[in-house]
Asks: 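The following block contains the structure, expressed as structure tokens.
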2 protein chains.
Amino acid sequence: MKFEKENSAGYLVNHTARLFAAGLQERITPLGITIGQFPILLELWIKDGVTQRELLEKLALEQATLANTLNRMERDGLIVRKKHPADARSQQIWLTEKGQAPRDSAYQAASDQNEHSLAPLSDEEREQFLGLMRRIINAAHSG
Amino acid sequence: MKFEKENSAGYLVNHTARLFAAGLQERITPLGITIGQFPILLELWIKDGVTQRELLEKLALEQATLANTLNRMERDGLIVRKKHPADARSQQIWLTEKGQAPRDSAYQAASDQNEHSLAPLSDEEREQFLGLMRRIINAAHSG
DNA sequence: TGCACTTGAATAGCATGCTATGCAATGATA
DNA sequence: TATCATTGCATAGCATGCTATTCAAGTGCA
């Protein structure tokens with residue numbers, strides 16, 4: 001039997017993901033944010049003042065991963081947690097000024113990185129690529 | 001300005017990679033190996049007795065990442081490091097019986113996971129998917 | 001030969017992400 | 001109302017992967 005990693009979807013997708021991550025990392029480090037914080041910030045830039053649970057519903061992360069990343073974001077001054085008025089177990093998560101500021105630059109950085117990594121693909125191929133991944137993800141979550 | 005993560009290649013590829021990783025993890029845990037060890041084992045199953053540097057050339061990893069994972073593999077009894085006869089700085093990395101044993105089951109596990117994750121795609125689409133990723137990776141390494 | 005440069009590898013320190021566990025607040029129910 | 005289950009979250013502990021640093025051993029050259 002044999003197995004070639006270069007023909008393995010799992011290996012290739014892992015490698016590809018690390019390339020994207022490294023590129024984005026480099027672009028957003030100057031903004032004072034990190035790649036793990038990025039998806040969380042994307043949600044908070046749409047709507048903050050939410051609970052961790054509400055945030056979790058929009059993110060493909062485990063609860064513990066989110067809690068840990070929020071800890072680092074609070075440490076870094078990007079967010080604050082405030083008492084929830086109706087439920088003492090939970091807190092509302094608010095962006096600070098420092099968390100709000102990098103929004104547009106971060107959007108731009110992510111767009112630039114996507115453009116850079118996808119440079120070898122035509123527009124049609126880029127759409128194919130996104131579509132294939134969406135189908136893989138949907139299938140994983142349903143079956 | 002706005003930015004939707006579900007339309008971002010970087011976000012989707014990260015999510016997809018985590019799905020593959022989680023699935024493979026589950027399949028190979030019973031074999032006593034982990035997903036980080038997997039690519040290294042693939043190379044050692046082809047040829048062991050090599051130096052860390054030779055191994056590194058075949059893997060898309062940083063030197064420190066490889067050294068750390070090899071440490072855990074040694075701790076877990078999958079490999080042994082033996083003195084290199086000609087260069088005291090380096091060592092030869094050999095698979096133990098425990099490192100050799102899971103080979104065929106591991107190949108099968110990875111194939112099964114690929115098959116499972118790619119289930120929603122036709123054969124042609126799977127080839128497209130692999131081809132697109134190879135082009136992204138190649139472009140990243142050359143430009 | 002002696003000294004500087006390079007190479008091979010280990011380590012420190014960190015972020016990301018996971019599972020498992022703990023715990024307090026809330027809710028439901030007898 | 002007292003009890004038990006559920007919920008929301010934090011923490012411990014780990015693997016993976018990165019950058020930066022260190023260090024010993026080898027190499028090259030004056």
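Labels below follow one simple rule: chain letters A, B, ... track the order of the sequence lines, proteins then strands, and each chain is numbered from 1. Predicted, not measured: the structure shown is a model, and the values here were computed from it.
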Asks: Specify the separation, in whole Å, of atom CD1 of B:Ile28 and atom C1' of D:dT16.
Replies: 12 Å

Asks: Restricting to salt bridge (Lys or Arg N to Asp or Glu O under 4.0 Å), what partner residues turn up for B:Arg126, sequence neighbours left out?
Replies: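 Counting only residues at least two positions away or on another chain, B:Arg126 forms a salt bridge (Lys or Arg N to Asp or Glu O under 4.0 Å) with B:Glu115.
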
Asks: Find the distance A:Leu66:CG to C:dT19:C1' and express it as a whole number of Å.
Replies: 16 Å

Asks: By side chain to side chain donor-acceptor pair (under 3.5 Å), which residues pair with B:Gln108, not counting sequence neighbours?
Replies: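 For B:Gln108, the residues satisfying side chain to side chain donor-acceptor pair (under 3.5 Å) (neighbours in sequence not counted) are B:Asp112.
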
Asks: Taking only nitrogen or oxygen atoms into account, show me every contact under 3.5 Å that the protein makes with nucleotides 4-9 of chain D, one pair per line with its distance.
Replies:
| unit_1 | atom_1 | unit_2 | atom_2 | d |
| --- | --- | --- | --- | --- |
| D:dT7 | O2 | A:Arg89 | NH1 | 2.5 |
| D:dG8 | OP1 | A:Arg53 | NE | 3.3 |
| D:dG8 | OP2 | A:Arg53 | NE | 2.3 |
| D:dC9 | OP1 | A:Gln52 | N | 3.4 |
| D:dC9 | OP2 | A:Arg53 | N | 2.6 |

Asks: Would you tell me if any nitrogen or oxygen in the side chain of B:Asn71 comes within less than 4.0 Å of OP1 or OP2 on C:dA9?
Replies: no

Asks: Separation of A:Arg18 atom CZ from D:dT19 atom C1', in whole Å?
Replies: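 Distance, rounded to whole Å: 15 Å.
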
Asks: Could you tell me how far apart A:Leu56 (CG) and C:dG17 (P) are, to the nearest whole angstrom?
Replies: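 Computing the A:Leu56:CG to C:dG17:P distance gives 13 Å.
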
Asks: Mind checking salt bridge (Lys or Arg N to Asp or Glu O under 4.0 Å) for B:Glu57 and listing every partner two or more places apart, or none if nothing turns up?
Replies: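 For B:Glu57 the salt bridge (Lys or Arg N to Asp or Glu O under 4.0 Å) partners, ignoring immediate neighbours, are B:Arg53.
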
Asks: Which part of the nucleic acid does B:Ala88 contact within heavy-atom distance under 4.0 Å: base, sugar-phosphate only, or nothing?
Replies: sugar-phosphate

Asks: Can you see if the side chain of A:Thr65 gets near the phosphate of C:dT16 - specifically, an N or O under 4.0 Å from OP1 or OP2?
Replies: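 Answer is no, no contact under 4.0 Å.
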
Asks: Quickly work out the A:Met73 CE to C:dT16 C1' distance and round it to whole Å.
Replies: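 Going from CE in A:Met73 over to C1' in C:dT16 covers 13 Å.
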
Asks: Check this for me: does any side-chain nitrogen of one of A:Glu125 and B:Arg135 sit under 4.0 Å from a carboxylate oxygen of the other?
Replies: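 The answer is yes: the pair qualifies as a salt bridge.
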
Asks: To the nearest angstrom, how far is A:Leu24 atom CG from D:dC18 atom C1'?
Replies: 15 Å

Asks: Toward the 5' end of DNA chain C, which comes first, A:Ala86 or A:Pro39, by nearest nucleotide?
Replies: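 Upstream on the strand: A:Pro39.
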
Asks: Could you go over nucleotides 13-15 of chain D and give all protein N or O partners under 3.5 Å, atom names and distances?
Replies:
| unit_1 | atom_1 | unit_2 | atom_2 | d |
| --- | --- | --- | --- | --- |
| D:dA15 | OP1 | B:Arg75 | NH1 | 3.4 |
| D:dA15 | OP1 | B:Arg75 | NH2 | 2.8 |

Asks: Sequence neighbours left out, what passes salt bridge (Lys or Arg N to Asp or Glu O under 4.0 Å) with A:Arg72? Give chain and number order.
Replies: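 Once residues adjacent in sequence are excluded, A:Arg72 has no partner under the salt bridge (Lys or Arg N to Asp or Glu O under 4.0 Å) criterion.
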
